[in-house]
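Residue indices begin at 1 and follow the sequence shown. Just so it is clear, the values below take in all heavy atoms, side chains as well, and ignore hydrogens, waters and symmetry mates.
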Amino acid sequence: MAKDDDGERWSQDVTEHSDALDLEDDVFTWDDPARIAASLKRSAEASDRRKGSAYQSAMSMLTFYVNRAGKNLPAAQRDVLERAKDELRAAFGRE
């Protein structure tokens with residue numbers, strides 16, 4: 001993966017400086033799926049820069065993070081983030 005001048009990977013930069021969402025610090029490292037989902041929902045609903053719906057933006061950012069982390073994401077954290085997707089669906093009434 002390509003790194004920028006600060007040594008960050010482009011995907012890390014997207015996660016930290018998304019043009020659509022202002023994420024809470026370290027949101028993807030939390031161990032509570034409901035808390036992650038609630039934070040993503042708040043961020044998406046508060047954004048006036050997103051192109052799709054709040055649900056689409058929140059789910060896209062979560063999926064982006066999981067996909068880009070790939071095999072480097074510990075299994076336990078991957079499980080937390082996959083459960084956060086379910087929580088996010090529920091939070092937006094998309095069960």
* To do: Please report the closest heavy-atom contact between Ala58 and Leu40, naming both atoms and the distance.
  => CB-O, 3.9 Å
* side chain to side chain contact (heavy atoms under 4.5 Å, CB included) evaluation trace for Arg89 with Tyr55 -> CA-CA 8 Å; Arg89 287 183 195 100; Tyr55 171 75; 3.5 Å; yes
Quick one: side chains of residues 74-84, donor-acceptor pairs under 3.5 Å with protein atoms, not counting sequence neighbours, listed by atom name and distance.
{"unit_1": "Gln77", "atom_1": "NE2", "unit_2": "Phe28", "atom_2": "O", "d": "2.7"}
{"unit_1": "Gln77", "atom_1": "NE2", "unit_2": "Trp30", "atom_2": "O", "d": "2.9"}
{"unit_1": "Arg78", "atom_1": "NH2", "unit_2": "Gly70", "atom_2": "O", "d": "2.4"}
{"unit_1": "Glu82", "atom_1": "OE2", "unit_2": "Lys85", "atom_2": "NZ", "d": "3.4"}

* Asked: How about Phe92 and Glu45: do any of their side-chain heavy atoms sit closer than 4.5 Å?
  -> yes
* Structure fact -> In terms of heavy-atom contacts, Lys41 and Ala91 come closest through CE-O, 3.4 Å
* Flag side-chain contact, heavy atom, 4.5 Å: Ser47 against Leu21 -> yes
* Between CG of Leu23 and CD1 of Ile36, what distance do you get to the nearest 0.5 Å? -> 11.5 Å
* Inspect the surroundings of CG in Asn67 and state if more than 12 heavy atoms from other residues, nucleotides or ligands are less than 6.0 Å away. => yes
* Asked: Do any N or O atoms from the side chain of Arg50 and from the backbone of Ala44 form a donor-acceptor pair under 3.5 angstrom?
  -> yes
* Does the distance from a Lys or Arg side-chain N to an Asp or Glu carboxylate O, for Arg42 and Glu24, drop under 4.0 Å? -> yes
* Would you please test Val27 and Ser39 for side chain to side chain contact (heavy atoms under 4.5 Å, CB included) and show each step? => CA-CA 8 Å; Val27 65; Ser39 175; 3.7 Å; yes
* How long is the span from the NZ atom in Lys51 to the CD atom in Gln56, to the nearest 0.5 Å? -> 12.5 Å
* Flag side-chain contact, heavy atom, 4.5 Å: Asp22 against Arg49 -> yes
